[in-house]
Amino acid sequence: MAALEKRSGADWQELDKDHHLHPFTDHKALHEKKSRIITRAEGVYIFDADGNKILDGMSGLWCVNVGYGRDELVDAATAQMRELPYYNNFFQCAHPPSIELASMLQDVSQPQFNRVFFTGSGSESNDTIVRMVRRYWDLLDQPQRHTIISRKNAYHGSTVAAASLGGMKPMHEQSGLPIPGIVHIDQPYWFGSDQSLSPDEFGLLMARQLEEKIQELGADKVAAFIAEPIQGAGGVIVPPDTYWPQVQRICDEYGILLISDEVITGFGRLGEWFGADYFGTKPDLMPFAKGVTSGYLPLGGVLVSDRVGDVLIDKGGEFFHGYTYSGHPAGCAVAMENLRILQREKLIERVKNDIGPYLQNGWHKLAEHPLVGETRMVGLMGALELVKSRQPLERFDEKQGVGTICRDLLVDNGLVMRAVGDTIVVAPPFVLTHEEADELIEKAWLCLDLTQEAING
Ligand SMILES: *Cc1c(COP(=O)(O)O)cnc(C)c1O
């Protein structure tokens, strides 16, 4: 470690260029620039090798919900690694952390969830979904119920099956995806529509696409519908109020499984334990990851309702699926302590009743900026739309890259938010103070001004 720490930021940048291929990156473009080297973090701030202090408005990648610098989580991992650093849950074995965490997850989720299948990430959780959903219908002697309906622009991970469930066109185009048996309907993105309908009408229309797709495929061919309660990586797409009740009605009516991808929305992001709780849906399966450990160690899983779990158990036969790190002991120990922090410090209530409404209030003031066409935020998950003109509504030419210009200005001014096209998204840690929220809004406003100057000048 000592030798490592003697390197300068510039040394790391060189080494990084020489040896490290980054995820979701244009490797040529990055090669011509330098990466930002993050060396440490505390609370809601990250620090780079040049000594810049940056407010992390994205909680890492939507995961560091309890904030950085949590000794409790470090201690939980250390203690578990001393006691039992690794053992698997294969071959009829189990260890206390995976058992205890499974039981805790049952306590915080809706009553139909009594079981969990552990994985190491969100992508692995969604690969598990594809396998488990098909296994379920096979066991019920309906193997023709094979097709899973998902949505365009959804993000469900980057492994082959998870990327297929996802609706990211560039990902599909690069790898010959989706795999067979996965189809996509439109997302309930009202601001991105022609806005000729009211949001409520539009929400109904988008939900009815699910029904039309089921009828087109034949209800006896459809296994499940998967969706994020609020699409995250797709640009924090908050569905109109009419959307989820209608989707639930359709899933119930046709008997298809409802899968709520809770990788971002799980564990408090919307001010409830899960996004399904916020929207009042009753899912059959809930993939999770990210916030379960606040990102301190990799861990994911699928919460399995009795509808599915009982069939797996009653019908029997080996389910040929699992990961070396399914329920890693240290990951589970950290997750348990993370859940205890959420409970002890009432952080989910804080998102719902305190910092959530406080940040939302500031965020919606950004809508007064001439560059902003819409602001939206639920709990601590928000977005704003950069537009060329508000009246009449005109969006920028995508090639202009206005979102990226704004994002880069934000980072240069000490605030991480993410650009999804011309949509700027935000998801800060739950421990954000009012002062830090004010700082976030002030910096956002400043950077909207700077973005305006940059594109005019
Ligand atoms: C991040 C994400 C995933 C994938 O999780 P990984 O841990 O990166 O594999 C899946 N679903 C949603 C909704 C996500 O945001």
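Counting starts at 1 for both ligands and their atoms, in listed order. Given the structure is predicted, the values throughout are model-derived calculations rather than measurements. Values reported hereafter were calculated over all heavy atoms of this structure, with side chains retained and with hydrogens, waters and symmetry mates removed.
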Element-labelled atoms of ligand 1 that are located less than 4.0 Å from some non-hydrogen atom of Ile264: 15 (O)
Taking atom 11 (N) of ligand 1 as the reference point, the nearest protein heavy atom with its distance: Asp261 OD2, 2.8 Å
Heteroatom proximity flag, Ala289 to ligand 1, N/O under 3.5 Å: no
Near-ring test Tyr189/Phe202, centroid separation under 6.0 angstrom: no
Ring centres under 6.0 angstrom apart (Phe267, Phe288): yes
Distance flag, aromatic centroids of His321 and Phe117, threshold under 6.0 Å: yes
Non-hydrogen side-chain atoms of Thr375 and Gln360 separated by less than 4.5 Å: no
Residue portion contacting ligand 1 (non-hydrogen atoms closer than 4.0 Å) for Tyr155: both
pair Thr265-Gln231: side-chain heavy atoms closer than 4.5 Å: no
Element-labelled atoms of ligand 1 that are located less than 4.0 Å from some non-hydrogen atom of Ser121: 7 (O), 9 (O)
Distance filter under 4.0 Å to Ser123 heavy atoms, resulting ligand 1 atoms: 4 (C), 5 (O), 6 (P), 9 (O)
Per-atom contacts, ligand 1 versus Gly122 - under 4.0 Å to a heavy atom: 4 (C), 5 (O), 6 (P), 7 (O), 9 (O)
Option of least heavy-atom distance to atom 3 (C) of ligand 1 (set: Val263, Thr159, Thr119): Val263
Region of His156 that comes within reach of ligand 1 [heavy atoms, distance under 4.0 Å]: backbone
Any donor-acceptor N/O pair, Thr128 side chain to Glu124 backbone, under 3.5 Å: yes
Min N/O separation Lys290 to ligand 1 under 3.5 Å: yes
For ligand 1, the portion of Asn126 having any non-hydrogen atom under 4.0 Å away: side chain
Ligand 1 atoms in contact with Glu228 (distance to a heavy atom under 4.0 Å): 13 (C)
Tyr243 vs Phe279, side chain to side chain contact (heavy atoms under 4.5 Å, CB included): CA-CA, chis, key distance, verdict: CA-CA 9 Å; Tyr243 183 77; Phe279 286 108; over 6 Å; no
Any side-chain donor near an acceptor of the partner, Ser123 and Ser158, under 3.5 Å: no
